[in-house]
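Bear in mind the structure is a predicted one, so any value in this text is a computation, not a measurement. Keep in mind that the numbers below use all heavy atoms, side chains included, and drop hydrogens, waters and symmetry copies. A note on names: the letters A, B, ... follow the listed sequences, proteins ahead of strands, and every chain is numbered from 1.
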Amino acid sequence: MNAKKTLAIRTVIRRARRYDTLVALLGLLALSIGIFTLAALFIDMAITGIPRLNSEFFLNFPSRRPAEAGILSSWVGSILVMMVTAFVAVPLGIAGAIYLEEYARKNWVTDVIEINITNLAGVPSIIYGLLALGLFVYTFKLGQSILTAGLTLALLILPIVITATREALRSIPQHIREAAYACGASQWQVVQHHLLKYSTPGILTGVIIGMSRAIGETAPIITIGALTFIAFLPPAPGQLNVETGQAAGLFDWLWSPFTVMPIQIFNWTSRPDPRFHENAAAAAFVLVLMTLSMNAIAIWLRYRLRKNIKW
Amino acid sequence: MPSTITLPQNPPPLKAESKNLDFYYGDFKALKGINMPVYENKVTALIGPSGCGKSTFLRCFNRMHDLYPGHRYDGSIHLYPDEVDVLHKSVDPIEVRMRISMVFQKPNPFPKSIFENVAYGLKVRGERNRSVLEDKVEAALKGAALWNEVKDRLDDLAVNMSGGQQQRLCIARALATDPEIILFDEPTSALDPIATGSIEELVGEIKQKVTVLIVTHNMQQAARVSDYTAYMYLGELMEFGETNDIFMKPKRKETEDYITGRFG
Amino acid sequence: MPSTITLPQNPPPLKAESKNLDFYYGDFKALKGINMPVYENKVTALIGPSGCGKSTFLRCFNRMHDLYPGHRYDGSIHLYPDEVDVLHKSVDPIEVRMRISMVFQKPNPFPKSIFENVAYGLKVRGERNRSVLEDKVEAALKGAALWNEVKDRLDDLAVNMSGGQQQRLCIARALATDPEIILFDEPTSALDPIATGSIEELVGEIKQKVTVLIVTHNMQQAARVSDYTAYMYLGELMEFGETNDIFMKPKRKETEDYITGRFG
Amino acid sequence: MAIAPPDAIPNPTVPLSLGGEARLAEFARLKKARQRREALIEGLLLLAASVSVLTTVGIVYILIRESISFFSHVPLWDFLTDTQWTPLFDDAHFGIWVLMSGTLTSSLVALAVAIPLGTVIAIYLSEFAGHKTRETLKPLLELLSGVPTIIYGFFALLVVTPLLQKIFPELPGFNVLSAGLVMGVMIIPYVASLSEDAMRAVPMSLREGSYAMGSTRFQTAVNVVVPAAFSGIASAYILGISRAVGETMILAVAAGMQPTLTFNPMEPAATITSFIVQVALGDLPHGSIGYQTIFAAGLSLMLLTLCFNLAGYWLRKRFREAY
Amino acid sequence: AQAQVVKIDGSSTVFPITEGVAEDFQKAKKGAVKVTVGISGTGGGFKKFCRGETDISNASRPILAKEMADCKAAGVEYFELPVAFDALTVVINPRNAWLKQITVAELKAIWEPAAQGKVTRWNQVNPAWPDAPIKLFGAGADSGTFDYFTEAINGKSKASRGDFTASEDDNVLVQGVSSDINAIGYFGYAYYAENQGKLKALPIVNPKGQAVAPSEAAVLAGSYEPLSRPIFIYVNAKSLAKPEVKEFVEYMMKHSAKIAKEVKYVPLPAKAYTTGLDHLNKGKKGTVFGGKNEVGVTIEELMAREAAL
Ligand SMILES: Nc1ncnc2c1ncn2[C@@H]1O[C@H](COP(=O)(O)OP(=O)(O)OP(=O)(O)O)[C@@H](O)[C@H]1O
Ligand SMILES: Nc1ncnc2c1ncn2[C@@H]1O[C@H](COP(=O)(O)OP(=O)(O)OP(=O)(O)O)[C@@H](O)[C@H]1O
Ligand SMILES: [Mg+2]
Ligand SMILES: [Mg+2]
Ligand SMILES: O=P([O-])([O-])[O-]
């Protein structure tokens, strides 16, 4: 190869490599925009909110006096709503996914379900709020209760759980199924003894991500009309009412009015007194910490736990 | 083309027999009118070039094809002594699989403990008694020449064993339920020579108790372990006979060509 | 164990030469001190059992291993006439790849039109002139015996062609940039016999213009297409010589065992 | 759910003494019994799977039921052509375009951020970054999508808008720009993560083909990887678009909820979603025209996202990964 | 068994007072009674109230004829109890140096329905004002504030232009006005009082021709007109049979004055609260406003009317 040609080629390569550098830089820049935003948001909340974080903040009800206001009713509400959500979405999601992945034959019914789940994943959360308002609140008369909110969010995260479960099931190699069948297992035994066990990390990841999404949802909860001052906890099962002497039923709390963290934050930020904004920042800090750690756990699960199941 | 079947002079009792067996993957006919005996407590090897239908044939015995839509059997495989046709549609494939175990090409232990792997077949059969389970697991592991290596770590994950150990574990899993037939589909093709040797030895031993059907692409292996050999080609059974005869004096040119390596 | 290298009596000009080449996948040493000549405008075949390092060796020539972290070369591969060491770290792998093309085991056309596939290497080299591109694409497609089949549908997607056509397209793609060497890694293993035949023919033709290094697991193919053959085993070069000699009177027992099919 | 084990352990389960037809009948009976159990389970699972369909049916039913009453008061033509949106006022106007313009403008701003940045990040992570870098940065980026959107809303209003006002002093306190930008950042991980998955699914052999021709990483990414992963990338974009169109709280908090027909991001605007929460925040007099309005708006939103999803479906079908 | 819950909903203006009372009341009762206070706006609150869904409705304007009819249809009878006075405050950006005061006519020119899309610059309202865009912020269409303001300024309830930033959330409005020099907006006095640094209250020229800025004194003196307004709670007469509701209302009448002051409203004279209690005990139901949203009712007038019930 002659020197002139070599030189020409080197020039071409050098020019082409410039784009490599450029894209790498752009990529890093874009990434840092995202990550800096996250950091800025977090630090901003931390600076404003952390001074308010003490045990009273977690144990007090909301109050018109900013210094006394706390998030007791809202974090308890969030947890109760999440319980309902998990209780509904997890079994439904897993069962649905098992059906689609292991049982469904290729026909129009499964096609419909299939397309439908993809579509649902793209439906805005506020639409779920409208569904809940029209159906749960007014048609089924469940009221603006923990049950309504939990069901709404369960429907909202159902596609997430289903998709995650299906992916987890899909990643189990066929030879494991064949081995189990060859031992004489029935289809359900294969599911119960093997598939469910081995897909647990994947399912768990999906559930956690879904729950972290649900816990931060505001719009559907507002839509069902839960923007309310709540300075009490839902009745614990068996809790005695001082005045009437009646014990609360096991599921009374399901019908109780409630508030959740994002609503409390929204409420505080919309108050005139700037000291409430500190409360809002503190509550937001707690909420973000909750969702971020849930996400972090999910990501950790995905990257670590999956490695432990070898085929 | 009719198969050339040379029955032994004093045939041992029949364990199974395929009769006019056709098999279809959708529209593709992968097996064409297979008639072949399987003798009790003998090892029968299936050989033939890649894609000839060895695995397909083997997997008919435990109705493995039922797992996939569009796979279709035609003909029958009778199991003796009761002469039930395992392919008959009134027969539950699960029941067939409980009588006929299988060991796969790639070792495929469940990602569970060694104990649970071996005990799995028993659990599926409803055995819950811990001491019965322990006894049977021990017997199966001994039968698979694995007991000494694993007896102190029955609770370890099976997937952390070596390939050869895993395959022996799969054999133990298949043995644990006292099957009538064990099907082997190229059980050593993922293993190194030493592990291969120990599996071959094992096959020789377990035939005392159970009938073995083994697919292999390794002629030497077939010659070493089997009593009978079937040579398949393009979905047909070309020749069946005692292994010595097939390898020493094959009746058909095609068989000879394949065995001497002139083709394949 | 030293390699047995039989150089031809009147050696043709050298095109490349590997000297004491070691290669590591992380801690695993996949190539051990390979010394081997590659003669200009000749076809050199690399044969050997699976896992012996044929592909690894081939991919050193165009520094393909640079794409993966932890892959390490030791030793050198000199390219003649300018005697540049393609493995030297001061040498830009992109420049190496511009001089040495490669055709892979599985046809891997880009998801673009036929024309763009063939023109791709030229565009990467900065060629923008449409008529130059058209001429070169046509020449390359003719060189790959594909022109007549595709000249009317140059804008069709390449992935819609048959496997054999795709592989010829990949050859055209490799030819289009006038490389000095083309590396083939089992180029026909994914193809049917007819497509295989046409690729083999092609290799015979293109060696007029370019030096060819071809990995194959098919002894007959090596015998048919190559001028020189190298037999590798466990990361070492066992024997190198003219193809006729290697197949007719191999110097080493191992080579003979492999070639006669007694092993592998 | 424990399944009763098959009756007996010893094989065969059907006694040898039985012969011929009786035997087959006994086999059939056993098979039936097991199949019934399995069918019951399958039925339950199918039921669970159809909950998602019921959800859709519920959504469509509710939206359409209320919208029908809505459109019996408001002519569809007015809904589509009126340029004012004052449904709760004395002089009521119902021009959905006012809200559509806000939705589209804010989505465009967000996508103008999310799509280029997300794509560049995806390319960087899949083609340039080493294994370690990718495994740390990608999860970190995904955390962005875990932050509750209401918090992004306040971040936009209280941090980003004042910053923007330093650059554009004319910028009002509520504006689509700031909300859109923050929304864009929120959407980045959706776009980046899915696109990256799609790019990484492109087989190495294709990349090797390109590198073997002497191309650089950039050339390989642009010429080979991106086209090969196109349908996956398109899905990622579609998801990003759905997110943007359906995002609520960021816009409700930071974009001003001002129903004016404008495509200028420097102005406040109301979107379909922010209108719905705004009304929901206040009053929901069941059965009134105001109540029905949010369902009509919701229906429009649903149709909008449906369009995008169908487009995505079509794109995926049309450009199935071809490698 | 449902726990004892006092359900309150309605006006965002009244919310701070009710919330304060609810908070103290629940503390005093050691959690035996639960009180929920929602914010649906006055109109939304009455909707629920007249369906019997709530025990008490917060209202920043009197009940309207249509709402009375709804209540009647559902058999809901109620007590009307004024709890405080508010000065509906018109605010501008503090950097706005040229706007010193505004007349009702000028406000009308800005806010009337006919102005939509037409009156977009300050000099269109008053040539003396600069040629700058008008940025509008106002209460959402479901709020009593909106009803009152439109009634007082435009002469008809809910008659307003629509192209402004409307929010039930007054803080959104504070944020909007404080960040835009050309902005003008309106909401309850409390929100102005809390944000005095960020906002400037615009003096309103009252019917007597004086420009008066909103303040407690001006409200008490009856000179902040026409934007002074009483705010109320309405109590469902049936609910009053429940001891916890009765207790709550009595507690509220005793403590409203203090809490109103705390949250920056103008408390009524002590007599007003005792009159209210009196009505409760004597069963004097109904409204003194006859279903009209009257503008410019002063404290004395209100007292007189209540006394006459
Ligand atoms: N699931 C399937 N669907 C369609 N055709 C199949 C399927 N599995 C196998 N075949 C085809 O059936 C024929 C027989 O395949 P089979 O796997 O039985 O061959 P084999 O003899 O076991 O080969 P090998 O030695 O490679 O395992 C082949 O032509 C194969 O391509
Ligand atoms: N990416 C890799 N990382 C680690 N080891 C590898 C890698 N690729 C190949 N090896 C190992 O290096 C050795 C040589 O592999 P190579 O692919 O070169 O063999 P080959 O001769 O081409 O075999 P085949 O005919 O099967 O293609 C083998 O032992 C293989 O397991
Ligand atoms: Mg096979
Ligand atoms: Mg290779
Ligand atoms: O919330 P309002 O007081 O304005 O009705």
Top of Val23(A), Thr139(A), Leu31(A) for chain D proximity - count of heavy-atom pairs under 4.5 angstrom: Leu31(A)
Contact leader toward chain D among Thr37(A), Ile13(A), Thr21(A), where contacts are heavy-atom pairs under 4.5 Å: Thr37(A)
Per-residue contact mode, Leu120(A) against chain D (heavy atom under 4.5 angstrom): side chain
Check: Ser52(D) main-chain N/O paired with Asn116(A) side-chain donor or acceptor under 3.5 Å: yes
Flag, side chain of Gln187(A) to backbone of Glu38(D), donor-acceptor distance under 3.5 Å: no
Which portion of Met290(A) sits near chain D, non-hydrogen atoms under 4.5 angstrom: neither
Any donor-acceptor pair under 3.5 Å from Thr216(D) side chain to Arg17(A) backbone: no
Region of Ala40(A) in contact with chain D, defined by heavy-atom distances below 4.5 Å: both
Reported CD1-to-CD1 distance for the pair Ile188(D) and Ile33(A), which is rounded to 0.5 angstrom: 6.5 Å
Region of Asp20(A) in contact with chain D, defined by heavy-atom distances below 4.5 Å: both
Top contributor to chain A contacts, counting heavy-atom pairs under 4.5 Å, from Ile150(D), Thr305(D), Leu140(D), Val185(D): Ile150(D)
Residue part contacting chain D, namely of Ile94(A), when any heavy atom lies under 4.5 Å: neither
Best-contacting candidate, Leu292(A), Thr118(A), Asn119(A), against chain D by heavy atom pairs under 4.5 angstrom: Asn119(A)
Any Leu26(A) side-chain heavy atom under 4.5 Å of Tyr124(D) side chain: no
Choice from Arg34(D), Glu127(D), Lys138(D), Arg217(D) maximising heavy atom contacts with chain A below 4.5 Å: Arg217(D)
Test item: Asn295(A) side-chain N/O and Leu143(D) main-chain N/O as donor-acceptor pair under 3.5 Å: no
is_close_aromatic(Phe42(A), Phe155(D)), centroid dist under 6.0 Å: no
Per-residue contact mode, Leu158(A) against chain D (heavy atom under 4.5 angstrom): side chain
Test item: Leu28(A) and Phe128(D) side chains (from C-beta on) under 4.5 Å apart, heavy atoms: no
